[in-house]
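Working notes for the structure below.
Convention: sequence-line order gives letters A, B, ...; per-chain numbering from 1.
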Protein chains: 2
Amino acid sequence: MSARATDERSGARSTHRAVPREKALTRQAEDYLKVIYEIEQGGSPAATTDIAEQLGIAAASVSGMLQRLARLGLVKVERYRGARLSASGRLIALQLIRRHRIIESFLVTKLGYGWDDVHEEAERLEHAASADLVDRMADALGNPTADPHGAPIPTAAGRVDERRLSSIADLPIGARARVVRMSDRDPELLRYLKKRGIVPGAILRLVEREPFDGPISLTVGRAKQSIGATAAAAVYVEKLARTDR
Amino acid sequence: MSARATDERSGARSTHRAVPREKALTRQAEDYLKVIYEIEQGGSPAATTDIAEQLGIAAASVSGMLQRLARLGLVKVERYRGARLSASGRLIALQLIRRHRIIESFLVTKLGYGWDDVHEEAERLEHAASADLVDRMADALGNPTADPHGAPIPTAAGRVDERRLSSIADLPIGARARVVRMSDRDPELLRYLKKRGIVPGAILRLVEREPFDGPISLTVGRAKQSIGATAAAAVYVEKLARTDR
DNA sequence: GAAATAAGTTAGTTCGTACTAACTTATTGT
DNA sequence: ACAATAAGTTAGTACGAACTAACTTATTTC
C-alpha cells in the first residue's frame, strides 16, 4: 500500500517515528463505526438506511463503505440485513466516543463552553486528537466518568457502562425519575430543556401524557412543565421509587 | 456543487446553521497554503519541488494541486516558475499558523506537554479547531504574542511580525546574540539543543566556525558548546551590540 | 551556445468517498 | 398469497488527491 497520502493521524510528514502505528482510518470510516455502534445500542444490527440517515448521505454510499469496512475486518455485514461491529471495530468506536466525551468535558470545564454547544466542536476534534492528548485532558479533569450531558466515558481499554436507560417518553404516569443523561446532538433542544430545569441530576415526576405523541406534563422541582414528545425522547432517566432520596 | 462530502469544518451534518460559511478547504489544501507561505518567507515564489519536499509527496502531485488552488483564487501560479499566495490564500495560511502556534502554546502551558514535543499534535489539531476554540485558548493564555519556540503568533486578522532573523549559521565570529526562536519541526533536535541551554532567550557568543559546514563553537552562558551546521541553522537569533545587557 | 542536468508538467492510473438511476430482495397489508 | 411499498444493492460517474512514466522547459557547465 506504500505511503499514500490519506493517512491522517499517522503524520506521514513528521520525522523520526520508529513504530509506524497500525494504519490510521480516515475520518469517514471512523464516523461510520461510531454511528454503527450507536445504532447497535438499540439492540439490532445497524441498517443501511439508518446509518445513511445519521451521516446525512445516500444509502448507496453506505453499502459501498460497509464493504470496505468489512474488508478491513471492522464490521460484519449480512447482505440485506445490516451491519454489526467486530471486536476491533467496536474498540475503535469506543475510543472515539471516549475522545468525544472527554473533549466535551474539557471544553466545558476548562474553556468555558456552554454545555449545550460543544458537540460540533468535539465532533471534529475527536478525529484529530491523539490518545495521549485525550489522556492528558482526562487527567486535567480528574478522570471523570461522565461527560457534561451525563453520558458515560469509556475507558481507554474500551470498557463502558452500556446499561439502557428509558427516556421520559417511556415513563409511566405518576413515576418519579432522575435525569441521568441527555442527547448532545441538538444545541437548541438542549438550551430549551436547560431553561426548563431539565438537566442531568434533576428530579421530575410525570404528570400526564397526551396520546398521539402529544405533550407530556411533568413537574421539575415544584415547577410544572409541558414538553413535546421529541424533546422528551432526548432525555434519559432512571426511575426512582416513591421513597428514594 | 451541492452538499458533497469533503466539507470538513462546515459541519454538514450538524443542524441549525444559518450562515453556511464560505466553503471549508480540505486539510490538504490548507497544508499546501501553509507550506507555500513558509517557503515564500524566504523571498522568492514557492517552487514545485520545494513544496513537494516539505509535504513529502511527488512533484507531479503538486502541479495538480496548484492548479486547483489557482482555480480557487488562493494562489497565483506562473508556469515553470513557482507559486505565490493571493491575498486570500495568505490570510488562510496565517490563520492556520495562528492556530498552530496558539495550540502549541496551550498544550505546553495547560496540558504539560514538552516544548519539544507539540508540533505533531498541533499539526493535526490546527485543521480541526474552530476559530472560536482558538480564541478561547488564546484568552486562557492571556493572548500571548509568541509560541513556546519563540515564533510570533499572527492576529486573527492576519497581522504578524515577518521580520527576518539570521540563524546561528550566519553569525560572524565573535558576535553576541540572543536566541529569539527556533524551528519547531524536529523534536529530537529541539531536545538536543535544550540540553545544551540553547532555548529562546538564551544569550550566546560565536567563538569559531569550521569551514565546509563544520562544527560551530559557541559559548552559552559560561559553558562552551560545539554544534553542527544543521542544528545551527534551526536557531534564529538577534544580534546584540557588545554593550547590550 | 550546445549538451547535460535539474525542475516542472501532462497523461494515465488508483483509491476513497460520494452521487444518481436502475434493479433486487424483504416486509407488510389486505 | 401476493401486490405494493420499503429497504438494500449494483452499476456507472465524479472529484480530490495521490502515484509513476514520459515528456518539456530552464539552468548550468564546459
Report task. Find which nucleotide of DNA chain C each of Y32(A) and V77(B) is nearest to by heavy atoms, and output the residue with the more 5' nucleotide. Result -> V77(B)
Report task. Check every atom of dA18(C), dT9(C), dG16(D) against the side chain of S63(B) and return the nucleotide holding the closest atom. Result -> dT9(C)
Requested in this report: Would you please confirm or rule out a distance under 4.0 Å between OP1 or OP2 of dT9(D) and any side-chain N or O of Q67(A)?
Outcome: no
Query raised in the report: Can a salt bridge be assigned to the pair E126(B) and K34(B) using a cut-off of 4.0 Å between side-chain N and carboxylate O?
Result: yes
**Report entry** Nearest-angstrom distance from the residue atom CG of L33(A) to P of dT17(C)
**Finding:** 11 Å
Could you list the donor-acceptor pairs under 3.5 angstrom formed between side-chain atoms of residues 156-171 of chain B and any protein atom two or more places apart in sequence or on another chain?
unit_1	atom_1	unit_2	atom_2	d
D161(B)	OD1	R163(B)	N	3.0
D161(B)	OD2	R163(B)	NE	3.4
D161(B)	OD2	R163(B)	NH2	3.0
E162(B)	OE2	Y37(B)	OH	2.4
E162(B)	OE2	R90(B)	NH1	3.0
R163(B)	NH1	E238(B)	OE2	3.1
S167(B)	OG	A169(B)	N	3.1
D170(B)	OD2	S167(B)	N	3.2

Report task. Can you run down the salt bridge (Lys or Arg N to Asp or Glu O under 4.0 Å) pairs that involve residues 67-79 of chain B, sequence neighbours left out, and say none if there aren't any? Result -> none
Query raised in the report: Can you name the side-chain contact (heavy atoms from CB on, under 4.5 Å) partners of A29(B), sequence neighbours left out?
Result: L25(B), T26(B), M65(B), L69(B)
Query raised in the report: Got a sec, which residues hit salt bridge (charged side-chain N to carboxylate O under 4.0 Å, His left out) with D135(B), two or more places apart in sequence or on another chain?
Result: R98(B)
Requested in this report: Please report, rounded to the nearest Å, how far the C1' atom of dT20(C) is from the CD1 atom of I57(A).
Outcome: 14 Å
Query raised in the report: Taking atom P of dT10(D) as reference, at what distance in whole Å does atom CZ of R68(A) sit?
Result: 13 Å
Requested in this report: Starting at atom CG of L55(B), determine the distance to atom C1' of dC19(D), rounded to an integer number of angstrom.
Outcome: 15 Å
Requested in this report: Send over the distance from L25(A) CG to dC15(C) P, rounded to a whole Å.
Outcome: 18 Å
Query raised in the report: What does E78(A) touch in the nucleic acid at a heavy-atom separation under 4.0 angstrom: a base, only the sugar-phosphate, or nothing?
Result: nothing
Report summary line: Scoring nucleotides 23-28 of chain C by protein non-hydrogen atoms under 4.0 Å (B base, S sugar-phosphate only, - none) yields --SSS-
Query raised in the report: Taking atom P of dG16(C) as reference, at what distance in whole Å does atom CG of L72(A) sit?
Result: 8 Å
Query raised in the report: So what does A60(A) touch, heavy atoms closer than 4.0 Å: a base, only the sugar-phosphate, or nothing?
Result: base
Report task. Kindly state each residue pair satisfying salt bridge (Lys or Arg N to Asp or Glu O under 4.0 Å) with at least one member in residues 40-54 of chain B, sequence neighbours excluded. Result -> E40(B)-R84(B)
Query raised in the report: Rounded to whole angstroms, how far apart are CG on L69(B) and P on dA17(D)?
Result: 8 Å
Query raised in the report: Does the side chain of S61(B) get closer than 4.0 angstrom to OP1 or OP2 of dA17(D) through an N or O atom?
Result: no
Report task. Would you mind reading off the distance between M65(A) atom CE and dG16(C) atom P, rounded to a whole angstrom? Result -> 9 Å
Query raised in the report: Which pairs with one or both residues in residues 66-104 of chain A pass ring pair (Phe, Tyr, Trp, His ring centres under 6.0 Å), sequence neighbours excluded?
Result: H100(A)-H119(A)
Query - Listed partners of R191(A) passing side chain to side chain donor-acceptor pair (under 3.5 Å), at least two apart - result: D116(A)
Query - Interface with DNA chain D, restricted to residues 83-90 of chain B and to heavy atoms under 4.0 Å - result: none
Query raised in the report: Considering all heavy atoms of both residues, which atom of L33(A) and which atom of G89(A) are nearest to each other, and what is their separation?
Result: CD1-O, 4.3 Å
Query raised in the report: Are the charged groups of E123(A) and R185(A) less than 4.0 angstrom apart, N to O?
Result: no
Report task. Quick one: label T48(A) by what it contacts on the DNA or RNA (base, sugar-phosphate, nothing), any heavy atom closer than 4.0 Å. Result -> sugar-phosphate
Query raised in the report: Nearest of dA17(D), dC19(D), dT17(C) to any side-chain atom of T26(A)?
Result: dT17(C)
